[in-house]
Amino acid sequence: MRDDTTTALSRLRFRLLAAAYSNTDFWTQRTAFITDQAVAALARRDATAAEDLAKSLLTPRPLHDTEILGAAVEAGLDTTGWEERREKTRAYAREASELPPKSDPDTEAQRVWASLYDHYPQIAAALATFLRGMPDSWREDLFTISPYSSRGHRRHGETPGPETAPYDPMDWEDCPACIEAQDQCRYHRGVFAGMEYQAGLIKTLLSDHAAIEYVQERHAALESQARQADTQATPAAEGASS
């Protein structure tokens with residue numbers, strides 16, 4: 001249980017320094033430690049302002065553009081290119097559900113990237129680093145296809161677009177992979193295909209007389225085998241008890 005007499009500043013500094021000590025990410029460590037040092041410096045000059053700042057950091061709320069831009073103007077910063085930068089960032093980090101699947105390659109690439117960034121940001125960062133390190137000849141090296149290769153004759157759109165989001169086996173209505181594909185994902189497509197096959201079998205068993213007769217005969221044979229097994233097991237059990 002938290003001690004109510006502990007100041008917000010103490011709680012904030014504990015969280016920041018614990019993060020700086022425990023986190024494995026270089027930038028997270030550095031940001032947490034420098035933020036702690038800045039808060040501590042403020043506390044030495046104005047303890048009340050530092051406590052108010054700590055409370056605001058511990059109780060996060062959405063920021064309005066006017067607050068951010070007002071602070072920038074107060075600091076004398078040039079915000080001319082910020083709007084364009086934000087739009088580019090949002091274009092890279094938009095939700096995958098906003099992009100239609102099975103479209104042209106450029107849109108499909110944006111959709112896959114958005115989903116990867118949303119669900120697996122560390123993999124997205126590693127992929128971006130990997131792509132930046134590719135040689136200038138990447139297009140010629142990787143995508144110059146021989147006319148004798150099967151890849152050269154494959155039409156775009158023959159297979160569904162790749163699903164980057166993880167599927168949810170328990171909830172198909174809110175499955176991230178289904179939402180990304182705007183259709184059934186590969187997992188649920190297979191599940192429903194299996195369910196339809198089973199439903200077809202059941203309908204056949206209920207309507208086809210030959211199938212009904214076969215199932216009844218098979219069921220009777222299995223019951224007979226079970227009775228024989230019980231009959232054989234009873235004397236053995238009685239002999240063991242005596």
Side-chain angles (χ1 to χ4, degrees), residues 1-99 110-132 163-180:
M1 183 178 296
R2 192 185 72 195
D3 184 3
D4 291 336
T5 62
T6 304
T7 63
L9 179 62
S10 297
R11 294 197 298 272
L12 176 63
R13 294 201 63 192
F14 177 85
R15 292 175 59 176
L16 289 171
L17 291 174
Y21 183 82
S22 305
N23 202 285
T24 58
D25 181 73
F26 169 81
W27 291 107
T28 301
Q29 283 185 314
R30 184 174 175 81
T31 301
F33 182 74
I34 292 177
T35 303
D36 169 78
Q37 295 298 290
V39 172
L42 175 62
R44 288 191 291 270
R45 296 176 61 88
D46 189 337
T48 302
E51 182 69 10
D52 292 340
L53 176 62
K55 289 179 180 178
S56 66
L57 289 173
L58 290 172
T59 54
R61 61 176 180 80
L63 290 173
H64 297 290
D65 290 351
T66 53
E67 296 178 84
I68 302 172
L69 295 175
V73 170
E74 184 180 354
L77 303 177
D78 181 11
T79 64
T80 304
W82 286 15
E83 183 67 25
E84 181 182 0
R85 177 179 175 180
R86 180 167 68 174
E87 289 305 315
K88 288 183 177 179
T89 302
R90 288 179 175 178
Y92 283 118
R94 74 176 69 176
E95 291 292 336
S97 58
E98 297 179 11
L99 297 170
Q110 293 178 38
R111 183 186 64 79
V112 171
W113 168 260
S115 179
L116 191 66
Y117 179 86
D118 185 37
H119 297 287
Y120 306 102
Q122 292 179 333
I123 297 177
L127 177 62
T129 302
F130 173 78
L131 293 176
R132 290 188 64 181
E163 295 155 9
T164 313
Y167 64 82
D168 186 343
M170 303 304 295
D171 189 358
W172 64 271
E173 291 184 341
D174 295 321
C175 170
C178 290
I179 294 174
E180 177 189 356

(request) Could I get the full list of side chain to side chain contact (heavy atoms under 4.5 Å, CB included) partners for T79, not counting sequence neighbours? (result) L69, A72, W82
(request) Measure across R13 and D36 and return the closest heavy-atom pair with its distance rounded to 0.1 Å. (result) NE-OD1, 2.6 Å
(message) According to side chain to side chain contact (heavy atoms under 4.5 Å, CB included), who are the partners of L58, at least two apart in sequence or on a separate chain?
(response) A8, R11, L12, R15
(request) Check side chain to side chain contact (heavy atoms under 4.5 Å, CB included) between A125 and all other residues, then give those that pass, not counting sequence neighbours. (result) none
(request) Show your working on side chain to side chain contact (heavy atoms under 4.5 Å, CB included) between F33 and L17 and close with a plain yes or no. (result) CA-CA 6 Å; F33 182 74; L17 291 174; 4.0 Å; yes
(request) Ignoring hydrogens and angles, tell me if any N or O in the side chain of S56 forms a donor-acceptor pair with the backbone of L53 under 3.5 Å. (result) yes
(request) Return the minimal non-hydrogen interatomic distance between A124 and Y117, and the atom names on each side. (result) CB-CA, 3.9 Å
(request) Not counting sequence neighbours, list each pair that qualifies as a side chain to side chain donor-acceptor pair (under 3.5 Å) and has a residue in residues 67-77. (result) R61-E67
Compile the donor-acceptor pairs under 3.5 Å between side chains in residues 39-50 and protein atoms, sequence neighbours left out, one pair per line.
| residue | atom | partner | partner atom | Å |
| --- | --- | --- | --- | --- |
| D46 | OD1 | T48 | N | 3.3 |
| D46 | OD1 | A49 | N | 3.1 |

(message) Suppose we screen for side-chain hydrogen bond (donor to acceptor under 3.5 Å, both in side chains). Which residues come up paired with S10, at least two apart in sequence or across chains?
(response) T7
(request) Look up atom CG in L57 and atom CG in L16, then write down how far apart they are to the nearest 0.5 Å. (result) 7.5 Å
